[in-house]
Amino acid sequence: MTILKTYARLWTDSLDGALPLLRELTGAEPDLRLGFEAVELAAIGDFLVIAGPAEERAKYAHASATVVVDDLDACQATLTASGATLTTPLAAGPTGRFLYARHADGAEVEYVEWVPELVQRIIRP
């Protein structure tokens, strides 16, 4: 299992309000932008921006980062073997598969396995 990319999470009321500064800071356009349940997401540089009403963003605030891996099954096995607890079991999402895990030390992280098209476009252009 290999970590392909790690995103710091940024929380905002408005995705359109947050992106101009992030475009300037990163010198990039968003790699992806999509809606997920009642929030909007954009990945730009090494940031994952999560936008929407505070009560909707709060549903995802327990995770400190989003980590993209090449093999979520192997990642889950490693996490479980190291004493991590799955707080959101493996599920399908718009970019591939994901799970949330609380490490034995208490840190909680979202792990994602992207569909091949995203890996090819964003990680290995």
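- Both Val112 and Val119 sit in one connected hydrophobic cluster of ILVMFWY residues. Membership requires side-chain heavy atoms under 4.5 Å apart, directly or through other members.
- Here Asp13 contributes atom CG and Arg57 contributes atom CZ; the two are 4.5 Å apart, rounded to the nearest 0.5 Å.
- Under the 4.5 Å side-chain criterion, counting only non-hydrogen atoms from C-beta, Leu4 is in contact with Arg124.
- Scanning both residues, Ala104 and Ser82, for their nearest heavy atoms gives CB-O, 3.9 Å.
- In this structure the side chain of Leu10 reaches within 4.5 angstrom of the side chain of Leu22, judged on heavy atoms.
- Remark: Glu117 CD to Thr95 OG1 distance equals 10.5 Å, nearest 0.5 Å.
- Counting only heavy atoms from C-beta outward, the side chains of Tyr111 and Thr78 never approach each other to under 4.5 Å.
- Taking the side chain as every heavy atom from C-beta outward, Phe98 and Thr88 approach each other to under 4.5 Å.
- Between Glu40 and Val49 there is no side-chain heavy-atom pair separated by less than 4.5 Å.
- For the pair Thr85 (side chain) and Thr87 (backbone), a donor-acceptor distance under 3.5 Å is absent.
- The cluster map of Ile, Leu, Val, Met, Phe, Trp and Tyr, joined by side-chain heavy atoms under 4.5 Å apart, puts Leu34 and Val115 in the same cluster.
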> Yes or no on side chain to side chain contact (heavy atoms under 4.5 Å, CB included) for Met1 and Asp70, after CA distance, side-chain angles and deciding distance?
Replying inline: CA-CA 6 Å; Met1 190 267 326; Asp70 68 341; 4.1 Å; yes

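- Taken from CG in Leu41 to OH in Tyr7, the straight-line distance is 11.0 Å, to the nearest 0.5 Å.
- The closest side-chain heavy-atom distance from Ile44 to Glu29 is not below 4.5 Å.
- The two atoms that bring Leu15 and Ala51 nearest to each other are N-CB, 3.4 Å, heavy atoms only.
- Under the 3.5 Å distance criterion, the side-chain polar atoms of Thr6 are left unmatched by any main-chain donor or acceptor of Val67.
- Residues Leu19 and Leu32 fall into different hydrophobic clusters, defined by Ile, Leu, Val, Met, Phe, Trp and Tyr side chains chained together at heavy-atom separations under 4.5 Å.
- Using a 4.5 Å heavy-atom threshold, the side chains of Ile122 and Trp114 count as touching.
- Contact detail for Leu99 and Pro89: the closest heavy-atom pair is CB-C, 4.1 Å.
- When the shell of 6.0 Å around CD of Glu24 is examined, it contains 12 or fewer heavy atoms from other residues, nucleotides or ligands.
- For Trp11 against Tyr60, the heavy-atom pair with the smallest separation is CH2-O, 3.4 Å.
- In plain terms, the two heavy atoms of Phe36 and Pro94 that are nearest each other are CD1-CD, 3.5 Å.
- With hydrophobic clusters built from ILVMFWY side chains whose heavy atoms lie under 4.5 angstrom apart, Tyr100 shares a cluster with Leu48.
- Using a 4.5 Å heavy-atom cutoff, the side chains of Lys5 and Thr66 are not in contact.
- Ion pair Glu110/Arg9 flagged as a salt bridge, since at least one NZ, NE, NH1 or NH2 atom sits closer than 4.0 Å to an Asp/Glu carboxylate oxygen.
- Atom CG of Leu72 sits about 4.5 Å away from atom CG of Leu90, to the nearest 0.5 Å.
- Smallest separation of non-hydrogen atoms from Val109 and Ala65: CG1-O, 3.7 Å.
- A distance of 12.5 Å separates CG in Asp71 from CD1 in Ile3, rounded to the nearest 0.5 Å.
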